[in-house]
Amino acid sequence: MTWETIIGLEVHVELKTESKIFCNCSTRFGGEPNTQVCPVCLGLPGALPVLNQQALEFATRAALALNCQIAGYSKFDRKNYFYPDLPKAYQISQYDLPLAEHGHVDFIFGGEPRRVRIRRIHLEEDAGKLLHSEDGGLSADANVSLVDFNRSGVPLIEIVSEPDLRSGEEARAYLNRLKTILAYADVSHLKMEEGNLRADVNVSVRPTGSTEFGTRTEMKNVSSFRAVVRGIEYEAERQVKVLDEGGSIRQETRQWNETKGVTIALRSKEEAHDYRYFPDPDLPALDISRDFVEGVRANLPELPDARQARYVRDYGLRDVDAGILTSDLSLAAFFEEAAGLYPKDPKAVANWVLGDLLRIMNARAAESDEIPITPKQLADTLMLIDRGTISGKIAKTVFEETMATGKDPEVIVKEKGLVQISDTSELEKVIADVIAANPQPVADFRSGKETALGFLVGQVMKATRGKANPGIVNELLMKALK
Ligand code: ADP
Ligand code: ZN
Ligand code: MG
């Protein structure tokens, strides 16, 4: 029997508001613990929340970017549970009337177009952060946990997908696209290492061909895409093994353990009724006017699909190339600035970015927001080729050197003596030497074997350490051979 894996993701994204969702404490990351707190986000008696309008705008913008319908009427509910990082013992969230529903994310996976449906997006508040002794920062034998409430009350959106994903790698592709769209929508800092984006991962398996879903387990708060993929693969395999052995899957919450590479059962999964949801009496319901929604829609930044289409239309790029360039906001911004500085040939700019730039960045595992060369340096390199100062081949060396040292291309060319040799008399001497040293290829060429010319050009390039102007070499060689 073969099995199919079914995955649905609940992705939590911290919004980039200056202040928290229901109070005016700062959302800044990395402050001294418990310095960005007040009676509201500490849940002190009598404190009253007030909704941050910017959070509602960001959430609406994100929902529109993800093709959702925005509710006309929405409200906040209390989700009751006890945990030391939740001082009120309830989280302000949205239960039955979420801000947005019925969206979708389109992306390419394995060369094929895929669509994952978004069931709902709701607004809620983040919890505080627990620091356990095993996390470091505390002495290992202290056997205590500390809590930092700076994060408590940071605005979150929760993006709930339908169970439309079928593998760990497909989940990664979905998350990548989701992250790209949110980056374009400009609603979150999206720093994975600061926990701006975390996923609850629901996994079940079923016999291939079956139309019913199996019982799922849920991994909470997985904070890297790699962990999501590994967690899904481990969990699917575990479930298949249990079922193959005649057992059954318990609906439960499990924890992904990154170091051991396994999931561990935490508790039987809670049901909605366990949370005793009820409308938060401290917050008025949201009457969301069409004017508000249309205003947000009108101010939506350009999204990745639109930008991809624009690159094809305005720069004449191939659709796949435009797709790669626009899949990352920083990369797209780099390309566009360089293309603006070198308007005569945007395709050449794209080729450099997609070829040498990405190759070197991948080799160094560099992040796209730390591209070690400026758009101007790339444009200048191309202009050096146009002016005949360097050959296309030497340009690759110069480009690599700029990426390694940050030095301007002109400086590298001067320092390393890379100026192209276009001087005919100098090249004629080299050509005479090459002809004298290679009688066989010369004879081959003269008897009609045209390919021998390439070899001889190569010898001239070698003798000049790549600095000879290839166009002129070709011309002079032909003349000398005839
Ligand atoms: P809850 O909020 O209690 O976790 P939901 O029914 O709202 O439960 O589902 C949450 C997530 O679980 C959604 O992303 C959904 O796609 C996913 N999900 C639901 N059923 C399954 C299943 N059988 N296998 C995998 N994922 C599932
Ligand atoms: Zn506060
Ligand atoms: Mg859930």
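Ligands are counted one by one from 1 in listed order, and the atoms in each one are counted from 1 as well.
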Within 45° of the six-membered ring axis of Y90 and under 6.0 Å from that ring's centre, is NZ or CZ of K88 located there? yes

Atom indices of ligand 1, in the order listed, that fall short of 4.0 Å to a heavy atom of F213: 23 (N)

Give the numbers and elements of all ligand 1 atoms closer than 4.0 Å to a heavy atom of I6. 24 (N), 25 (C)

For atom CD of E302, decide whether the heavy atoms of other residues, nucleotides or ligands shown that lie under 6.0 angstrom number more than 12. yes

If you apply the rule side-chain hydrogen bond (donor to acceptor under 3.5 Å, both in side chains), what do you find for R115 with H104, and how did you get there? CA-CA 7 Å; R115 171 168 291 186; H104 61 261; 3.3 Å; yes

Proximal atoms of ligand 1 relative to L9 (non-hydrogen, under 4.0 Å): 14 (O)

Should we say atom CD of E294 is surrounded by more than 12 heavy atoms from elsewhere, each under 6.0 Å from it? yes

Donor-acceptor pair, distance only, cut-off 3.5 Å: does the side chain of N150 make one with the backbone of N34? yes

May I have the angle between C41 SG and C23 SG with its vertex at the Zn ion (ligand 2), rounded to 10°? 110°

Considering only heavy atoms, does E162 approach ligand 1 within less than 4.0 Å through its side chain, its backbone, both, or neither? backbone

Report the member of V201, V11, D164, N202 with the shortest heavy-atom distance to atom 26 (N) of ligand 1. N202

Run down the list S161, S204, P163 and name the one with the heavy atom closest to atom 24 (N) of ligand 1. S204

Hey, do the aromatic rings of Y277 and F76 have their centres closer than 6.0 Å? no

To 10 degrees, how wide is the angle SG (C38) to the Zn ion (ligand 2) to SG (C25)? 100°

Do K347 and W352 form a cation-pi contact, if we require the NZ or CZ to be under 6.0 Å from the six-membered ring centre and within 45 degrees of the ring's axis? no

Candidates R119, R120, Q251; heavy atom nearest atom 9 (O) of ligand 1 found on R119

At less than 4.0 angstrom from any non-hydrogen atom of V160, what atoms of ligand 1 do you find? 13 (C), 14 (O)

Before signing off on this row, confirm whether G214 and ligand 1 have an N or O atom pair separated by under 3.5 Å. yes

With a 6.0 Å cut-off on ring centres, are Y95 and Y275 close enough? no

